[in-house]
Protein chains: 2
Amino acid sequence: MSKANPCHGNCPIARVTALLGDGWSLMIIREAFLGSGKFNEFEKRLGIARNILTNRLRKLVEAGLLERKASETDRRVVEYRLTRSGRALSPVLIALSQWSEQHLSDCSHSVRYVERATGEEIQRIKVLSADGRELDAGELAMLPGPDADPALKARLVAAMEQAGREAAHAAP
Amino acid sequence: MSKANPCHGNCPIARVTALLGDGWSLMIIREAFLGSGKFNEFEKRLGIARNILTNRLRKLVEAGLLERKASETDRRVVEYRLTRSGRALSPVLIALSQWSEQHLSDCSHSVRYVERATGEEIQRIKVLSADGRELDAGELAMLPGPDADPALKARLVAAMEQAGREAAHAAP
DNA sequence: GGGATTGGGTTGCAAAATGCAACTAATCGG
DNA sequence: CCGATTAGTTGCATTTTGCAACCCAATCCC
């Protein structure tokens with residue numbers, strides 16, 4: 001896990017990296033999407049060490065991605081369920097998955113994401129402009145929002161200026 | 001980093017987690033999107049230890065996300081540039097960022113993603129059905145694709161059956 | 001030309017995270 | 001009541017991270 005650094009105060013990428021940036025958290029979320037809920041299910045299906053699993057589940061519950069509920073029929077078992085917030089990660093998971101299939105070896109065509117009701121494959125995840133055109137990485141810019149902290153704002157402004165300078169250099 | 005586990009053979013989420021599932025890789029990619037290219041830039045802007053940075057850059061170059069090129073004007077400096085494959089992570093980065101802003105405290109409205117040409121804010125990243133409806137997590141299913149390895153296929157089929165059973169239980 | 005500086009590393013060592021196996025404490029089923 | 005099951009916890013070995021010092025080639029400065 002990375003140290004807390006000055007300039008990453010409220011950068012959303014830094015925040016999500018601090019939460020999910022390890023070898024297991026995303027796998028746990030994936031398992032939860034696939035229907036796992038019990039401690040044992042996560043353990044066996046992922047092959048994760050029990051102490052690490054305990055640690056991650058606690059972290060995910062604290063962050064509000066999972067909720068922990070003792071089963072009513074058997075008070076030994078505990079159910080971890082995705083919250084609304086956890087379910088909202090589906091675009092992230094699918095985008096990651098689609099990227100892997102296209103850009104890593106040996107995992108293309110290994111999963112299909114379909115709409116449950118129709119069985120039809122979903123669309124590829126895209127970045128869309130306000131009026132619906134698909135945008136490429138080069139057509140995008142990150143700007144500080146109204147609540148960016150000073151360090152983040154400085155970083156993003158510097159990036160803008162650098163991009164401006166490079167554009168001017170390419171076509172003076 | 002997680003151990004290689006039997007049942008995660010060619011699961012794309014497992015593969016991308018093995019590559020980017022640590023506290024720095026995504027931050028490095030983000031910095032690259034913001035225009036960093038030199039070793040020093042990554043080091044200073046992220047506050048990452050040099051040996052770790054060396055290690056990650058090498059990994060990302062090997063995976064084909066970055067390319068390493070000695071500068072022509074100064075042969076001391078090295079430029080790490082996003083490849084097409086690395087740039088293709090933009091939907092992932094933006095989806096993560098948007099999720100953070102909506103679901104983690106203290107980072108809403110900290111960044112705005114805009115189309116460079118128009119300055120207009122882009123759309124929220126969505127999961128879309130074949131005919132363009134926005135789909136919620138609950139409306140999705142993961143099925144094994146034609147090249148799923150046996151373990152992955154087994155896992156996904158089991159998840160399907162579990163989902164089927166639960167649906168039958170809810171409305172018998 | 002030559003000494004200082006810069007850029008991109010490597011190395012050694014301390015601290016933290018991870019993995020494994022054995023151990024608990026509740027609860028259940030018979 | 002007894003053995004099995006569930007969700008943890010604990011202790012210890014291994015691996016990964018972080019920090020600081022060192023290295024060496026290329027460049028700067030005069």
Side-chain angles (χ1 to χ4, degrees), chain A residues 1-8 14 17-29 31-32 35-63 66-81 162, chain B residues 1-8 14 17-29 31-32 35-63 66-81 162:
Chain A
M1 207 81 21
S2 66
K3 271 197 52 175
N5 284 118
C7 64
H8 312 136
T17 292
L19 179 63
L20 303 176
D22 66 76
W24 287 116
S25 297
L26 277 175
M27 292 298 288
I28 291 172
I29 300 289
E31 267 307 311
S36 287
K38 303 176 187 170
F39 189 91
N40 268 347
E41 289 174 336
F42 289 110
E43 186 205 350
K44 297 213 175 92
R45 291 175 184 163
L46 292 177
I48 182 178
R50 312 169 63 95
N51 51 347
I52 306 299
L53 179 57
T54 300
N55 183 306
R56 291 301 180 281
L57 288 172
R58 196 156 9 225
K59 195 166 179 175
L60 294 172
V61 168
E62 270 167 25
L66 296 177
E67 61 185 350
R68 182 187 188 281
K69 231 181 59 181
S71 161
E72 294 176 0
T73 59
D74 183 342
R75 267 172 309 179
R76 286 172 305 181
V77 330
V78 174
E79 293 281 344
Y80 291 93
R81 280 287 145 77
Q162 184 181 348
Chain B
M1 206 83 19
S2 68
K3 272 196 49 174
N5 284 121
C7 62
H8 312 136
T17 292
L19 178 63
L20 303 176
D22 66 77
W24 289 114
S25 297
L26 278 175
M27 292 298 289
I28 291 173
I29 300 289
E31 266 307 311
S36 288
K38 304 177 187 170
F39 189 90
N40 268 346
E41 289 173 338
F42 290 110
E43 186 205 351
K44 297 215 174 88
R45 291 174 183 165
L46 291 176
I48 181 176
R50 312 168 63 98
N51 52 348
I52 306 298
L53 178 57
T54 302
N55 182 308
R56 290 301 180 280
L57 288 171
R58 197 158 5 228
K59 195 166 179 176
L60 293 173
V61 168
E62 271 168 25
L66 297 177
E67 61 185 352
R68 181 188 191 282
K69 229 180 62 181
S71 161
E72 294 176 0
T73 60
D74 183 340
R75 268 173 305 180
R76 287 172 304 180
V77 329
V78 174
E79 293 280 344
Y80 291 94
R81 279 285 146 78
Q162 185 181 348

Positions of residues 69-80 of chain A (non-hydrogen atom under 4.0 Å from DNA chain D), listed by number
A/R76, A/V77, A/V78, A/Y80
Starting at [atom1] of [X] and ending at [atom2] of [N], how long is that distance when rounded to a whole Å?
| X | N | atom1 | atom2 | value |
| --- | --- | --- | --- | --- |
| A/N51 | C/dA22 | CG | C1' | 12 Å |
| A/D22 | D/dT17 | CG | P | 11 Å |
| A/W24 | D/dT15 | CH2 | P | 16 Å |
| B/E41 | C/dG9 | CD | C1' | 16 Å |
| A/I48 | D/dA7 | CD1 | C1' | 14 Å |
| A/R68 | D/dA7 | CZ | P | 9 Å |
| A/E43 | C/dA21 | CD | C1' | 12 Å |
| B/R56 | C/dG8 | CZ | C1' | 18 Å |

Quick check for you: to the nearest 0.5 Å, what is the distance between [X] atom [atom1] and [Y] atom [atom2]?
| X | Y | atom1 | atom2 | value |
| --- | --- | --- | --- | --- |
| B/I28 | B/I48 | CD1 | CD1 | 4.5 Å |
| B/I52 | B/L57 | CD1 | CG | 11.5 Å |
| B/N40 | B/R45 | CG | CZ | 10.0 Å |
| B/N51 | B/R56 | CG | CZ | 9.5 Å |
| A/E31 | A/L26 | CD | CG | 12.5 Å |
| A/T17 | B/L20 | OG1 | CG | 9.5 Å |

Between A/S71 and A/D74, is any side-chain donor less than 3.5 angstrom from a side-chain acceptor?
no
Please check: side-chain N/O of B/E43 versus main-chain N/O of B/F39, any donor-acceptor pairing under 3.5 Å?
no
Nearest atoms (heavy-atom pairs only) where A/A32 meets A/L66:
CB-CD2, 4.3 Å
Using a cut-off of strictly less than 4.0 Å, decide whether A/N40 has a side-chain nitrogen or oxygen near OP1 or OP2 of D/dA7.
yes
Are OP1 or OP2 of D/dT17 and a side-chain N or O of B/R50 less than 4.0 angstrom apart?
no
One would report the end-axis bend of the helix from C/dG1-D/dC30 to C/dG30-D/dC1, five pairs per end and rounded to 10 degrees, as 30°
